[in-house]
Amino acid sequence: MEIAMQNIFKSFGDNHVLKGVNFTLAPGEIHALMGENGAGKSTLMNILTGILPIERGQIKINGQVTHFKNAMDAELHGISFIHQEMNNYGEMTVLENMFINREITNRFGILKTSAMRTQARKYLDYLGADFGLDMPIHDLSVGNQQLVEIAKSLMTDAQVIIMDEPTSALTENEINKLFKIVKELQATGVGFIYISHRMEEITTLCDTITIMRDGISVTTTKVADTNVNQIVKAMVGRDLTEFYPERTTQVGEVYFEAHGLSRQGVFNDVSFDVHSGEIVAFAGLMGAGRTEIMRAIFGIDRLDHGQIKVSGKVVENHSPAAAIKHGIGFMTENRKDEGLILDATIADNIDLASLRSFTKYGLIDEHNDRIFVEALIKRLTIKTQTADIAVSSLSGGNQQKVVLAKWIGAGSQVLILDEPTRGVDVGAKREIYDLMNELTARGVAIIMISSDLPEVLGMSDRINVVYEGKIMGTLATKNATQETVMTLATGGQING
Amino acid sequence: MDNTKRQQFNVMDFIGKLGPVLALAFLVFLVTLLNHSFLDINNLLNLLRQVSTNALIAFGMTFVILTAGIDLSVGSILAFTGAITAQMIIAGVHPAFAFLLGVLIGAILGGVNGVIIAYGGAAPFIATLATMTIYRGATYVLTDGNPISGAKMTNSFFFQVIGRGYFLGIPFPIVIMLVAFIILYVLLHKMAFGRKTYAIGGNAKAAFVSGIKINKITILIYTLSGIMASIAGFILTSRLNSAQPDAGVTYEMDAIAAVVLGGTSLAGGKGRLLGTLVGALIIGTLNNGMNLLGISSFYQQIVKGIVIIIAVLIDRKKAV
């Protein structure tokens with residue numbers, strides 16, 4: 001299938017989101033669509049698949065002008081869209097999810113379960129998925145949920161599959177598996193539109209790349225004819241000399257210590273330390289137990305055994321409130337779930353962990369509160385007109401900065417950052433890295449969980465690699481490579 | 001013609017924007033148009049006095065609903081504390097002391113709701129539905145199903161003044177309502193406690209991770225709801241000069257209606273205490289106005305329900 005979107009315009013009120021975008025997909029091509037958050041990628045795809053009505057311009061499918069009425073219409077014509085936030089019904093089974101709204105029934109409307117099972121199994125087997133059809137879908141890993149989505153697309157004979165940041169929650173293994181499947185499907189003539197922020201993926205997977213910025217398509221080239229620097233420059237409209245800022249911080253004394261931390265069935269005998277001014281990365285596969293270790297340290301989950309010391313003193317964190325009192329902050333991996341109150345204002349979100357510090361006899365000192373909030377907004381360069389708008393109206397990068405502002409404001413001396421740049425665009429990523437450097441320069445000890453290997457190698461001083469709830473090894477970042485980290489993360493040993 | 005059309009349009013526009021306050025103004029305007037005696041100072045004071053018990057309960061309910069909870073047991077707490085306070089007075093306890101003990105008992109009953117919800121993890125609707133019947137049953141056990149009244153109640157100045165007295169010409173229940181409003185307004189909008197209340201309703205998980213002791217706050221909020229119900233109970237007992245075992249039945253519905261009419265979201269995290277006061281006034285004006293107009297109480301219920309639906313629909317439209 002060939003798609004040609006020509007001179008597409010779209011605005012929401014006064015907000016002109018698309019200003020004459022051109023986009024062409026050749027049959028069987030893997031076409032990367034890149035751009036910062038807010039560049040208009042999702043809007044463009046929503047117009048293609050009939051989710052949003054087109055304002056001006058035209059879409060040709062195989063040479064014929066075709067405007068789909070809705071997502072179902074697009075699907076019936078062979079274009080399926082796998083959204084970043086998958087539209088799953090968590091409590092329902094894999095099978096039920098696969099056939100939602102396209103159930104196979106007999107003429108009395110009774111479900112023909114065995115026919116559905118056969119069909120579902122066929123496509124899942126084709127993708128090499130070995131999980132059962134009767135599992136509730138939320139019991140599957142994100143990677144496997146994605147396979148279900150792909151199987152659904154194939155079931156509808158998709159000729160074009162649009163994937164929006166498919167790998168943002170996948171492990172290295174799962175990503176490799178996904179890429180293999182994409183390549184195989186490409187060989188059968190399926191085209192892909194692939195939206196991602198990750199450079200390595202684009203260069204390894206894609207044939208062609210279109211870059212969008214501020215509602216226009218800046219450039220379209222063969223991936224082979226470009227390089228990372230050119231891509232980044234086209235995306236942000238300026239040069240990013242170095243993607244990761246240099247780590248120059250003077251590392252101080254041991255500030256945080258964990259001794260023999262265990263939680264039954266989750267992690268076992270975990271010991272590590274972090275010096276003040278140091279960034280210690282936690283690498284590993286998804287599900288290795290990294291997040292769980294931090295949740296226990298922060299008092300969200302209970303520890304079975306082990307001891308935590310902050311600045312040489314033993315502390316017991318039975319709740320986040322206790323951990324905060326001991327100067328620990330925790331930026332959780334899912335900001336919408338545990339990081340932010342989306343409907344509350346920026347100010348109220350920033351305040352949340354430090355209400356105590358400007359409250360006297362329970363009364364809030366509004367004046368100091370305001371100064372505090374404004375200072376943090378400025379310091380973290382959160383892009384907003386006012387502190388009094390809902391945090392949900394900010395872009396992903398700015399939302400992440402609000403969470404960070406909350407913990408910096410709380411005066412955290414030990415800062416746990418769980419996937420700090422997930423779903424954040426290139427420009428904001430760099431700002432977050434700079435901020436981490438600034439914090440460590442003031443002596444803050446940072447623990448960074450990251451599944452992004454270049455980030456781990458680019459932004460840490462030491463790396464703890466976790467595999468199945470155990471620390472397999474601690475590497476000095478300057479001696480580490482992607483290979484050594486991955487070897488440890490998959491349970492292997494390194495010699496010497 | 002053209003002029004009135006434009007005015008009507010403006011009114012609709014305003015209702016969408018300023019919401020409850022203009023709805024109340026419109027209602028007052030309408031009732032006054034139909035019966036001028038509505039604006040008599042005596043009628044207005046009477047209206048406010050009628051509103052006061054519902055408003056007090058609704059103030060507590062506002063905190064509960066802001067956390068995305070609900071408290072169905074308020075009517076039963078009102079009846080139980082009213083009855084036990086009356087019994088204490090008759091048994092010789094000084095009415096002021098009995099009042100304090102009654103409020104303390106209301107706090108405990110509310111606190112029990114909070115503990116079941118916070119530590120038991122029960123859904124607020126189910127937990128308070130259960131305690132609603134338990135507390136009501138306990139009231140019947142306590143009173144043997146009979147109203148409680150006696151000379152020690154009617155002869156006590158303190159007891160009489162709470163429900164029937166005046167302060168600077170204003171009926172005492174109104175004074176209590178206003179004082180409670182001011183205290184709770186400060187608590188909700190000027191104190192850390194209020195911020196935490198909103199945070200729990202907005203995203204309990206994020207609030208917990210941010211160090212807010214959500215169990216403690218939740219229990220305190222249901223305790224507050226119990227306190228407000230028991231204060232309303234004392235006022236009602238004093239007004240009627242007796243404690244009725246079936247007092248306060250369906251009061252939870254009027255309180256919830258006042259909160260919702262005031263623009264507070266049942267999903268939690270959004271709303272204001274002033275809205276609840278206005279919501280209670282809307283319900284009071286409806287009741288009072290329809291009484292003035294001689295509309296049968298059967299129809300009154302239908303009208304009240306329709307008004308709630310309209311209010312919610314306007315609110316939904318605003319959100320879109």
Side-chain angles (χ1 to χ4, degrees), chain A residues 294-295 298-301 317-345 347-366 369 390-392 399 402-403 406-407 409-412 416 418, chain B residues 63 65-69 118-119 121 123 182-221 223-224 227 263-273 275 315-316 318-320:
Chain A
M294 299 310 155
R295 290 174 68 88
F298 195 64
I300 299 173
D301 299 335
N317 299 332
H318 293 301
S319 67
I324 292 167
K325 208 180 287 174
H326 296 123
I328 304 175
F330 185 17
M331 189 161 98
T332 52
E333 61 182 324
N334 187 339
R335 63 177 167 267
K336 285 178 183 162
D337 200 30
E338 292 180 320
L340 294 170
I341 300 172
L342 284 171
D343 289 334
T345 63
D348 284 350
N349 271 287
I350 291 179
D351 276 352
L352 213 52
S354 31
L355 282 172
R356 180 192 309 267
S357 55
F358 34 78
T359 305
K360 207 171 183 188
Y361 308 117
L363 277 170
I364 291 173
D365 181 341
E366 306 271 356
D369 178 10
V391 81
S392 57
Q399 287 185 0
V402 170
V403 185
K406 174 171 74 178
W407 292 116
S412 309
I416 306 168
D418 196 349
Chain B
F63 284 76
I65 290 180
L66 278 173
T67 66
Y119 286 104
I182 292 167
I183 293 172
L184 294 182
Y185 183 91
V186 171
L187 182 64
L188 186 59
H189 298 302
K190 301 286 169 197
M191 297 184 81
F193 185 84
R195 294 276 186 95
K196 292 172 186 173
T197 305
Y198 282 99
I200 291 172
N203 183 348
K205 275 197 219 167
F208 176 65
V209 171
S210 298
I212 289 171
K213 292 167 179 153
I214 56 175
N215 286 346
K216 184 181 122 188
I217 303 288
T218 301
I219 291 168
L220 286 175
I221 283 170
T223 303
L224 174 69
I227 290 173
T264 296
S265 159
L266 279 177
K270 269 188 230 166
R272 294 189 65 82
L273 196 66
D315 207 48
R316 291 267 323 143
K318 234 180 358 182
V320 169

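Chain letters run A, B, ... following the sequence lines, proteins first and then strands; every chain starts at 1.
- Taking both residues in full, the closest heavy atoms of Ala321(A) and Gly211(B) are given as CB-O, 3.3 Å, listed atom of the first, atom of the second, then distance.
- The shortest non-hydrogen separation linking Leu363(A) to Val186(B) is CD2-CG1, 3.8 Å.
- In plain terms, the two heavy atoms of Leu355(A) and Arg195(B) that are nearest each other are CD2-NH1, 3.8 Å.
- With a 4.5 angstrom heavy-atom cutoff, Phe298(A) touches chain B only via side-chain atoms.
- Side chains of Leu340(A) and Asn203(B) form no contact here, defined as non-hydrogen atoms less than 4.5 Å apart.
- For the set Ala199(B), Ala206(B), Gly201(B), the count of heavy-atom pairs under 4.5 angstrom toward chain A peaks at Ala206(B).
- Ranking Asp348(A), Val403(A), Thr359(A) against chain B, the residue ahead of the rest is Asp348(A), based on heavy-atom pairs under 4.5 Å.
- For a residue to count as touching a neighbouring chain, one of its non-hydrogen atoms must lie under 4.5 Å from one of that chain's; by this rule Lys360(A) does not touch chain B.
- For Thr332(A), the part sitting under 4.5 Å from any heavy atom of chain B is the side chain, from C-beta outward, and nothing else.
- For a residue to count as touching a neighbouring chain, one of its non-hydrogen atoms must lie under 4.5 Å from one of that chain's; by this rule Asn317(A) does not touch chain B.
- For Lys190(B), the parts lying under 4.5 angstrom from a heavy atom of chain A are both the backbone and the side chain.
- When all heavy atoms of Leu352(A) and Ser210(B) are compared, the pair lying nearest together is CD2-OG, 3.6 Å.
- Each of Asp337(A), Asp351(A), Ile324(A) has some count of heavy-atom pairs under 4.5 Å with chain B, and the biggest count is that of Asp337(A).
- In terms of non-hydrogen atom pairs under 4.5 Å with chain A, the most contact-rich of Tyr198(B), Phe193(B), Phe208(B) is Phe208(B).
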